[in-house]
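To start, the structure itself, in structure tokens.
All values reported here derive from a predicted model rather than from experimental measurement.
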Amino acid sequence: MGPPRRARRQAVRRPDRHPVRPNRHPVRLNKQQGIDFSVVQRRGSDLTHIGPVRTCIGCRARTLPSELLRVVVVDGTVVPDTHRRLPGRGAWLHPDPDCLRNAEKRRAFPRAFRVQGPLDVERVRGHLEQCGQEVAGSPRDQQEARKQVDPS
């Protein structure tokens, strides 16, 4: 009788066409035997990157998630997700009525949620109006009012 079946398979196995090469690290050493970081960093990388970055679907500006409002679709209606816990695909939007108008004009909601047909955004609009009224007396609005120049 011949050798066991496993041993026979190993003997018949063809060599790999593409041998595995060891990973080469992209770090080069400079003259002082220190790391040359110009090689390590990718082009356009930001050294001050702090956590994840999201894109507003209204103005297409990239910013931190803490500055944006997450919205999700529930039964064909776009709903604000203030606690960021609702299930499903989310989209990010500045809490600004201008960004909401831009997103509607660009038809960004169906594209962001990957759904067909129009979506109702009245709940988001109501939420933004409510947030705008709460923030109306904030010091930031008072500063912006002082910045306006009287043309006379």
L68 reachable from V121 in the ILVMFWY side-chain graph, under 4.5 Å edges: no
message: Give me each pair satisfying salt bridge (Lys or Arg N to Asp or Glu O under 4.0 Å) with a member in residues 56-65, each pair once, sequence neighbours excluded.
response: none
query: Sequence neighbours excluded, which residues qualify as side chain to side chain donor-acceptor pair (under 3.5 Å) partners of E67?
result: T63
statement: The complete set of side-chain hydrogen bond (donor to acceptor under 3.5 Å, both in side chains) pairs with one or both residues in residues 107-124, sequence neighbours excluded, reads E122-R125
Review item, side-chain donor-acceptor pairs of residues 91-101, under 3.5 Å, at least two apart:
from: D98; atom 1: OD1; to: R101; atom 2: NH1; distance (Å): 3.0
from: D98; atom 1: OD1; to: R101; atom 2: NH2; distance (Å): 3.2

query: For R70, which residues count as a salt bridge (charged side-chain N to carboxylate O under 4.0 Å, His left out) partner, sequence neighbours excluded?
result: D81
message: Hydrophobic clustering (ILVMFWY, side-chain heavy atoms < 4.5 Å, transitive) - are V74 and F113 grouped together?
response: no
statement: In this structure, CZ of R85 is separated from OG1 of T82 (nearest 0.5 Å) by 10.5 Å
field: Verify same cluster id: V53, I57 (apolar side-chain graph, 4.5 Å)
entry: no
message: Tell me the closest heavy-atom pair linking P80 and L86, and the distance in Å.
response: O-CD1, 4.4 Å
field: Pairing residues for R84 by the salt bridge (charged side-chain N to carboxylate O under 4.0 Å, His left out) criterion, not counting sequence neighbours
entry: none
message: Please report the interatomic distance CG(L69) to NE2(H127), rounded to the nearest 0.5 Å.
response: 5.0 Å
